[in-house]
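All of these numbers come straight from a predicted model, not from anything done at the bench.
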Amino acid sequence: MPSSPKIKKEDMLQAALELVSKNGYAALNIKAVARELECSTAPISWQFGGMDGLREELIPFAEQYVEDKYYSRNENELATFEQKGKGTIDLALENPNLFRFLYMGERSQLLSIGFELQTNNQDAANVYQEMAELLGITPKQVMDFAMTMMVYTQGIGTLIASGIVKDTKESMYRMLHNTGMTYLKGLGVKDSTLWDLSGDDRSDESSSNG
């Protein structure tokens, strides 16, 4: 039975993640990871069984990295949801290679972090229910809102990571926020509720009506 490799699996995955971030998924292979770690290819091949195994384990490792770095809880479910949208924009701006690896065809998997839309997931169902109660709409309306905003944000991220859209982070945050608020108002959510939950400045609304 082979002995355990001296280099930890987590270090191998971290090296692979850094390679993808710097040079894109096309640059990722076992030899390149070995060069990063200054070791032979043997422990990496032993740990993952080949390139397919490395890639499959890199996906959840990269997702967790994005979760920890770009997404965070906020004071309420709506603010948390918006923060996750901003995190997606940040990822596309700061690490386009990783965005492309996770969400643009270099792997075939639905965006699974940032926006949790699985209807059979009890945790997700609880989030929909909580948002529905905060906003005064139905869980089904919340799900439709979440799907629409996920597609919208994913589209913005794709355009950024592809180099097609070049704008300031603040401008894209504002576009994301305004689109979400407009959608919720269309569902009948009261302005006062949105002000309280999102922290919008009421003076902006009053000045526009004055």
(message) In the structure I gave you, are the side-chain heavy atoms of Leu54 and Leu13 within less than 4.5 Å of one another anywhere?
(response) yes

(request) May I ask you to decide whether Lys84 forms a salt bridge with Glu67, counting only side-chain N to carboxylate O separations under 4.0 Å? (result) no

(message) What's the separation between atom OG1 in Thr158 and atom CE in Met104, rounded to the nearest 0.5 Å?
(response) 5.0 Å

(message) With rounding to the nearest 0.5 angstrom, report the CD to CG distance, Glu130 to Leu135.
(response) 11.5 Å

(message) Tell me whether Glu94 is salt-bridged to Lys169, with the criterion being a basic N under 4.0 Å from an acidic carboxylate O.
(response) yes

(request) Please confirm whether the backbone N or O of Thr138 pairs with a side-chain atom of Gln141, one donor and one acceptor, at under 3.5 Å? (result) yes

(message) If you define the side chain from C-beta out and look only at heavy atoms, does anything of Thr88 sit under 4.5 Å from Phe99?
(response) yes

(message) For the CZ atom of Arg55 and the CD1 atom of Ile30, what is their distance to the nearest 0.5 Å?
(response) 13.5 Å

(request) Could you tell me whether a side-chain N or O of Asp90 sits under 3.5 Å from a main-chain N or O of Tyr70, the two making a donor and an acceptor? (result) no

(request) Look at the side chain of Arg100 and the backbone N and O of Gly24, then say whether any donor-acceptor pair between them is shorter than 3.5 Å. (result) no

(message) Are Leu17 and Phe101 packed together at the side-chain level, in the sense that at least one heavy-atom pair is separated by less than 4.5 angstrom?
(response) no

(message) Please report the interatomic distance CG(Leu176) to NZ(Lys86), rounded to the nearest 0.5 Å.
(response) 8.0 Å

(request) Examine distances only and state if a side-chain atom of Ser171 and a backbone atom of Asp167 form a donor-acceptor pair shorter than 3.5 Å. (result) no

(request) Please check if the side chain of Thr148 supplies one atom and the backbone of Asp144 the other of a donor-acceptor pair under 3.5 Å. (result) yes

